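Below: the structure, in structure tokens.
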Amino acid sequence: MISTLQLLAASILATAGEGVPDLEDRKTIRIGPFSITPFLMDHSAYDAYAMLIEVGGRRLFYSGDIRAHGRKGALFERLVAHPPRPVHAMLMEGSSLGRLDPGQRFPTESAIEAQLVDRFRPDGFVGVCASAQNIDRVVSIYRACKRTSRTLLLDLYAMEVLRATGNPNVPGAGWPNLAVYVPEYQRSRIKETGRFDLVDRYKSSRIYREAIGTFVGRAVMLFRPPMMRDMDRIPGAWDGARMIWSQWDGYLTSPANEAFRAKLDASGVPLEVIHTSGHASIGDLQRLAEAVAPDALVPVHTFGGERFPELFGSRVCRRNDGEWWGV
């Protein structure tokens, strides 16, 4: 028997030359015999979608990476209130299994902003190690800067990610309390590639290292380890400075980040973790499973698949990686 996913893959390949359709919230697109409806979701990655795939009277729902505690939590609540039904099989992520107990919840993005405000109030340079692709977090950092009269320094990569969203409601060039700093390693790369257009795009908001030195105690920088070299060249930059790790703390154990932590220690800069997950708490996953009520619930993207039956009941149907099955 040919599985639904095999048939979908074949249909996508057959229509590849016709272009890839844009995804819009709850706007159904058709690929071959398939109807695919994306559902815009709350997630740390921008423009994340769940998917409903329909063919031959059968319906598969894929949760994608989701959460309910971010800045777009209303999207999750809307899905729970108005779920697609019926669903014959649901693929649901379980990234939080093993990280949380069932009764625990991740902090909201608003709570993260409040913590950042508290840490930004005292003078002293603050570096925040967060992914520029986590738009919610960049917004939280920016809002915390505004609330504490600080200036947020973003590099070219971060500015390009924000610009790529096409969303006028996320921070951008010309916004108050925001400046563009091009670190040394990016300047070298710009010279090598001749991409001076990237620098010119942000000329009106650009700030140089010498200028940062005049207000370094009130600056916040979206930080990456290579930027240590830039800050080392600013007199007094590390006096009263602190570093905030605002992404999964598991990354801190990598050899590169262990070296980074050693450099911070040598400079007398304390490191604190302030973060919330891009994935749903177990309780929210249970709410989603109950709302959709699929005939079969299949765990994906989890190290705790064996816990699904105790948490989600008899509808759980575990499948092996690489296993083909029919919906």
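All figures in this text were calculated on a predicted structure; none of them were measured in a lab.
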Notebook entry, point to check: Do R119 and E272 sit within salt-bridge range, that is, some charged N less than 4.0 Å from a carboxylate O?
Noted result: yes
Check: With no hydrogens and no angle check, is any side-chain donor or acceptor of H88 less than 3.5 Å from a backbone partner on R58?
Finding: no
Note to self: What I'd like to find out is whether the side chain of F312 reaches to under 4.5 Å of the side chain of R307, using heavy atoms alone.
What the structure shows: no
Notebook entry, point to check: Among the clusters formed by ILVMFWY side chains lying less than 4.5 Å apart, do Y49 and M92 turn up in the same one?
Noted result: no
Next item on the list: Could you grab the distance from atom CG of L156 to atom CD1 of I190, nearest 0.5 Å is fine?
Entry: 5.5 Å
Check: Going by heavy atoms in the side chains, are I244 and C129 under 4.5 Å from each other?
Finding: no
Check: Is there side-chain contact between M227 and Y185, with at least one heavy-atom pair below 4.5 Å?
Finding: yes
Item checked: Lys/Arg-Asp/Glu bridge criterion (N-O < 4.0 Å) met for R218, D123 -> yes
Next item on the list: Would you give the length of the straight line joining atom CD1 of I274 to atom CD of Q247, rounded to the nearest 0.5 angstrom?
Entry: 13.0 Å
Check: Do M41 and L79 come within less than 4.5 Å of each other through their side chains, counting heavy atoms only?
Finding: yes
Note to self: Nearest 0.5 angstrom please: T276 OG1 to Q115 CD, how far?
What the structure shows: 9.5 Å
Check: After noting the C-alpha distance and the side-chain angles of Y208 and Y181, does the key distance pass the ring pair (Phe, Tyr, Trp, His ring centres under 6.0 Å) rule?
Finding: CA-CA 6 Å; Y208 293 85; Y181 174 66; 8.3 Å; no
Margin query: If you compare all heavy atoms of P107 against all heavy atoms of I112, which two are closest, and at what distance to 0.1 Å?
Written below: CB-CD1, 4.4 Å
Notebook entry, point to check: Hey, any chance L40 and V170 share a hydrophobic cluster, counting ILVMFWY side chains that come within less than 4.5 Å of each other, even indirectly?
Noted result: no
Note to self: For R195, is there an ion pair with D197 - N to carboxylate O distance below 4.0 angstrom?
What the structure shows: yes
Next item on the list: Could you check whether the rings of H69 and F106 sit parallel, tilted or perpendicular, using 30° and 60° as the cut-offs?
Entry: tilted
Note to self: Would the distance check show the side chain of S96 and the main-chain N or O of A280 forming a donor-acceptor pair, the cut-off being under 3.5 Å?
What the structure shows: yes
Next item on the list: Spell out, as yes or no, whether a donor-acceptor pair under 3.5 Å connects the side chain of R59 to the backbone of R85.
Entry: yes
Check: Would you call D284-R105 a salt bridge at under 4.0 Å N-O?
Finding: yes
Margin query: Can you tell me how far apart OG1 (T302) and CZ (R318) are? Round to the nearest 0.5 Å.
Written below: 8.5 Å
Check: Are I207 and F223 joined in one hydrophobic group, where the rule is that I, L, V, M, F, W and Y side chains link up if heavy atoms are under 4.5 Å apart?
Finding: yes
Note to self: Looking at D22, I want to see if its CG is surrounded by more than 12 non-hydrogen atoms of other residues, nucleotides or ligands under 6.0 Å.
What the structure shows: no
Notebook entry, point to check: Is the shortest heavy-atom distance from the side chain of R201 to the side chain of F196 under 4.5 Å?
Noted result: no
Next item on the list: For S267 and V269, indicate whether the former's side chain and the latter's backbone hold a donor-acceptor pair under 3.5 Å.
Entry: no
Checklist line | E192 side-chain N/O to R189 backbone N/O, donor-acceptor pair under 3.5 Å | finding: no
Notebook entry, point to check: Is there a side-chain contact between R315 and P294 (heavy atoms, below 4.5 Å)?
Noted result: yes
Checklist line | Under-4.0 Å salt bridge between R67 and E109 | finding: yes
Next item on the list: Show your reasoning for whether salt bridge (charged side-chain N to carboxylate O under 4.0 Å, His left out) applies to D249 and R99.
Entry: CA-CA 12 Å; D249 57 8; R99 299 171 60 190; over 6 Å; no
Notebook entry, point to check: Taking NZ, NE, NH1 and NH2 as the nitrogens, is one of them in E290 or R287 under 4.0 Å from a carboxylate oxygen of the other?
Noted result: no
Check: Do V87 and L60 pass the side-chain contact (heavy atoms from CB on, under 4.5 Å) test, and can you show the C-alpha distance, the side-chain angles, and the key distance before you say yes or no?
Finding: CA-CA 6 Å; V87 167; L60 175 99; over 6 Å; no
Margin query: In terms of relative ring orientation, are F125 and W238 parallel, tilted or perpendicular, with 30° and 60° separating the classes?
Written below: perpendicular
Check: Judged by atom type as modelled, is there a donor-acceptor pair below 3.5 Å linking the side chain of N177 to the main-chain atoms of T151?
Finding: no
Note to self: Check this for me: Y251, atom OH, are more than 12 non-hydrogen atoms of other residues, nucleotides or ligands nearer than 6.0 Å?
What the structure shows: no
Next item on the list: Dump the intermediate steps for side-chain contact (heavy atoms from CB on, under 4.5 Å) on V216 and M231, then the final yes or no.
Entry: CA-CA 9 Å; V216 68; M231 299 308 298; 4.0 Å; yes
Margin query: Let me confirm one number: the CG-OG distance from L116 to S246, rounded to the nearest 0.5 Å.
Written below: 6.0 Å
Check: Can you name the nearest heavy-atom pair linking E113 to A144, along with the distance?
Finding: O-CB, 4.2 Å
Margin query: With a 4.5 Å cut-off on side-chain heavy atoms, are V180 and D155 touching?
Written below: no
Check: Is any side-chain heavy atom of N257 less than 4.5 Å from a side-chain heavy atom of P225?
Finding: yes
Item checked: side chain to side chain donor-acceptor pair (under 3.5 Å) between T37 and T28, worked out -> CA-CA 4 Å; T37 305; T28 301; 2.7 Å; yes
Next item on the list: Report whether F39 and M51 are members of the same hydrophobic cluster (ILVMFWY, side-chain heavy atoms less than 4.5 Å apart, transitive linking).
Entry: no
Note to self: I'd like to know if the side chain of D230 reaches the main chain of E184, judged simply by a donor and an acceptor atom lying under 3.5 Å from each other, with no hydrogens or angles considered.
What the structure shows: yes
Item checked: Expected output: side-chain R150 to main-chain F120 donor-acceptor under 3.5 Å -> yes
Next item on the list: Could you walk me through whether E160 and Y202 pass side chain to side chain donor-acceptor pair (under 3.5 Å), step by step?
Entry: CA-CA 10 Å; E160 284 294 289; Y202 305 107; 2.5 Å; yes
Note to self: When you measure from the side chain of D101 to the backbone of G103, do you find a donor-acceptor pair of N or O atoms at a distance under 3.5 Å?
What the structure shows: no
Notebook entry, point to check: Can N167 and Y46 be said to form a side chain to side chain donor-acceptor pair (under 3.5 Å), step by step?
Noted result: CA-CA 11 Å; N167 187 341; Y46 193 80; 3.1 Å; yes
Notebook entry, point to check: For Y157 and Q133, what are the C-alpha separation, side-chain angles and deciding distance, and is it a side chain to side chain donor-acceptor pair (under 3.5 Å)?
Noted result: CA-CA 10 Å; Y157 173 72; Q133 297 181 37; 2.7 Å; yes
Item checked: E258 and R261 ion-paired at < 4.0 Å -> no
Item checked: Test of ring centre spacing under 6.0 Å for Y142 and W175 -> yes
Notebook entry, point to check: Does H301 use its side chain to pair, donor to acceptor, with the backbone of S95 at less than 3.5 Å?
Noted result: no
